[in-house]
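One structure is given below, encoded as structure tokens.
Note on naming: letters A, B, ... go to the chains in the order of the sequence lines (proteins, then strands), and numbering restarts at 1 for each one.
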Amino acid sequence: KAGVTQTPRYLIKTRGQQVTLSCSPISGHRSVSWYQQTPGQGLQFLFEYFSETQRNKGNFPGRFSGRQFSNSRSEMNVSTLELGDSALYLCASSVSGETEAFFGQGTRLTVV
Amino acid sequence: SQKIEQNSEALNIQEGKTATLTCNYTNYSPAYLQWYRQDPGRGPVFLLLIRENEKEKRKERLKVTFDTTLKQSLFHITASQPADSATYLCALDRGGGADGLTFGKGTHLIIQP
């Protein structure tokens, strides 16, 4: 059974640019959540999608957005990048959002 | 909002001993509490899930307890091995898909041979 796949693994962007990250969940999983991980703040919840609808949202500015497609694949977009957006972005899939989560390897975003 | 406290300092344990990690939380009692392992540069890996009406859960050398009165979970690794060295994260879920998982900052466990 294939795991959660995130692309790209590494990304370097310039301040002010925008970026799109992709996540393919485990087959059969309908819930996809996104998290930001930094050394100072740890893992913080960004948002969760279930059956193409955003079900929950964390405390992040509107520059952070996402969507989910009918095949459960999800994308996360960050516009007008800031230096503080440099982080490891993790995607997790689960069957329903109320069971164990399976994480991808993450996308390491560096904003310069 | 929910606050989770895990030992911020590294925990050094001798190989073969039992490692015990602590997760304390404030505010609401979660419907679920989960433990994850994270190695450097990799995503967290799920280990155990325990529900609010369960006191204890075991899986091979791992054991989790959940005390909703103390607002605390303990995570035990028995017969620890150097390969168990990693950061262990505690995560709470309110249930009903409310807020996603709220993670602690993790405890870095080092098993010394």
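Residues B:Trp35 and B:Leu74 do not share a hydrophobic cluster, clusters being chains of Ile/Leu/Val/Met/Phe/Trp/Tyr side chains in contact below 4.5 Å. Side-chain heavy atoms closer than 4.5 Å link hydrophobic residues (I, L, V, M, F, W, Y) into clusters, and following such links, possibly through other members, connects A:Tyr35 to B:Leu49. B:Phe103 is not connected to B:Tyr25 by any chain of hydrophobic side-chain contacts under 4.5 Å among Ile, Leu, Val, Met, Phe, Trp and Tyr, and they are in different clusters. Linking ILVMFWY side-chain heavy atoms closer than 4.5 Å, directly or via other members, places B:Tyr32 and B:Leu89 in a single hydrophobic cluster.
Within the 4.5 angstrom heavy-atom criterion, no atom of B:Leu47 approaches chain A. Interface remark: A:Arg108 contributes no atoms to any contact with chain B (heavy atom separation under 4.5 Å). Residue contact with chain B, scored on non-hydrogen atoms closer than 4.5 Å, is absent for A:Gln44.
Applying the 6.0 Å contact sphere to CD1 of A:Ile12 captures no more than 12 heavy atoms from other residues, nucleotides or ligands. Within a 6.0 Å sphere centred on CZ of B:Arg61, heavy atoms belonging to other residues, nucleotides or ligands number more than 12.
Closest approach of B:Gly43 and A:Leu90 over heavy atoms only: CA-CD2, 3.7 Å.
Side-chain N or O atoms of B:Lys105 include one that pairs as donor or acceptor with a backbone N or O of A:Gly40 at under 3.5 Å.
Here the CG-CZ distance, from B:Leu101 to A:Phe103, works out to 6.0 Å after rounding to the nearest 0.5 Å. Note that CD of A:Glu100 and OH of B:Tyr36 are 7.0 Å apart. Values are rounded to the nearest 0.5 Å.
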